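Single-structure report; data block below.
Values in this document were obtained by computation on a predicted structure and should not be read as measured data. Side chains are part of it too, since the values below use all heavy atoms of this structure and drop only hydrogens, waters and symmetry mates.
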Amino acid sequence: MTSILPRARFTRGETFVVAVEATTGDVSEATCRMVLKAAVKGRAPGDAAAEAAVFSVVSVEEVDDQAETPKPGWICTLSATDSANLVAGLYLLDARIVIAGAVVQSDTVRITVDERITEAAA
């Protein structure tokens, strides 16, 4: 089982970080993959749709070290360069985790990508 934020927004060209908390299972032997796809009329586009971005994933012993009971999980990062390549609009993301051979699919998260106002760094 996993837990991630319900919705978020960020601006094109900024680094976007999502923490995925493992609520059960041993993450030392697990893998996590997170992708972002453009929403189609506000809905999930399905497996056939192209991935807009793939997050880099790092496993951690404590997703939130300030939590009363810190849990292991993953920190998923979309780089500033990759987010700059996105078109402003509505996207959906989820994480696919394989723990001890079992596949766990996180809830889908709605992501709004806003257009930046300032120019990109040279």
Side-chain angles (χ1 to χ4, degrees):
M1 208 56 179
T2 61
S3 171
I4 59 177
L5 71 166
R7 67 183 66 205
R9 76 183 313 132
F10 70 98
T11 304
R12 286 183 61 237
E14 76 177 340
T15 302
F16 183 59
V17 179
V18 178
V20 179
E21 184 177 85
T23 55
T24 60
D26 178 8
V27 301
S28 66
E29 300 289 324
T31 60
C32 176
R33 184 169 193 271
M34 180 176 282
V35 300
L36 186 72
K37 291 185 178 185
V40 177
K41 297 182 181 179
R43 297 181 184 267
D47 291 339
E51 296 170 348
V54 177
F55 287 68
S56 65
V57 178
V58 176
S59 62
V60 293
E61 290 184 25
E62 297 179 354
V63 171
D64 179 2
D65 61 2
Q66 303 299 312
E68 188 173 313
T69 308
K71 294 184 176 141
W74 302 268
I75 301 297
C76 305
T77 305
L78 183 63
S79 72
T81 301
D82 288 342
S83 80
N85 292 328
L86 297 173
V87 174
L90 179 62
Y91 291 81
L92 300 168
L93 70 75
D94 65 17
R96 181 180 191 275
I97 296 137
V98 179
I99 299 177
V103 175
V104 178
Q105 197 74 38
S106 74
D107 291 337
T108 300
V109 179
R110 297 172 68 88
I111 305 292
T112 301
V113 177
D114 294 324
E115 187 60 70
R116 63 176 174 251
I117 304 303
T118 56
E119 70 282 352

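Both Val109 and Tyr91 are assigned to one and the same hydrophobic cluster, defined by single-linkage of ILVMFWY side chains at heavy-atom distances under 4.5 Å. When hydrophobic clusters are built by joining Ile, Leu, Val, Met, Phe, Trp and Tyr residues whose side-chain heavy atoms come closer than 4.5 Å, directly or via intermediates, Phe10 is grouped together with Val87. Clustering ILVMFWY residues whenever any of their side-chain heavy atoms sit less than 4.5 angstrom apart, transitively, puts Ile99 in a cluster other than the one holding Val103. Residues Val35 and Val20 are members of separate hydrophobic clusters, defined by side-chain heavy-atom contacts under 4.5 angstrom among Ile, Leu, Val, Met, Phe, Trp and Tyr.
Pairing each heavy atom of Ala8 with each of Phe16, the nearest pair is CB-CZ, 3.9 Å. Of all the heavy atoms in Phe55 and Val18, the pair that sits closest is CE2-CG2, 4.2 Å. Minimum heavy-atom separation, Ala38 to Ala52: N-CB, 4.4 Å. Residues Ala88 and Arg12 come closest through the heavy atom pair N-CD, 3.8 Å. When all heavy atoms of Leu78 and Leu86 are compared, the closest pair comes out as CD2-CD1, 4.0 Å.
Note that the CZ atom of Arg96 and the CZ atom of Arg33 stand 9.0 Å from one another [nearest 0.5 Å]. With values rounded to the nearest 0.5 angstrom, Leu93 atom CG is found 11.5 Å from Arg110 atom CZ. The NZ atom of Lys37 sits 15.0 Å away from the CD1 atom of Ile111 when rounded to the nearest 0.5 Å. Here CD of Glu21 is found 13.0 Å from OG of Ser106. Values are rounded to the nearest 0.5 Å.
The local environment of CD in Glu51 is crowded, with over 12 non-hydrogen atoms from other residues, nucleotides or ligands closer than 6.0 Å.
Looking at heavy atoms from C-beta onward, Leu92 lies out of side-chain contact with Asp94 at the 4.5 angstrom threshold. No side-chain heavy atom of Val60 sits under 4.5 Å from any side-chain heavy atom of Trp74.
Looking at Ser83, its side chain does come within 3.5 Å of a backbone N or O of Gly13 through a donor-acceptor pair.
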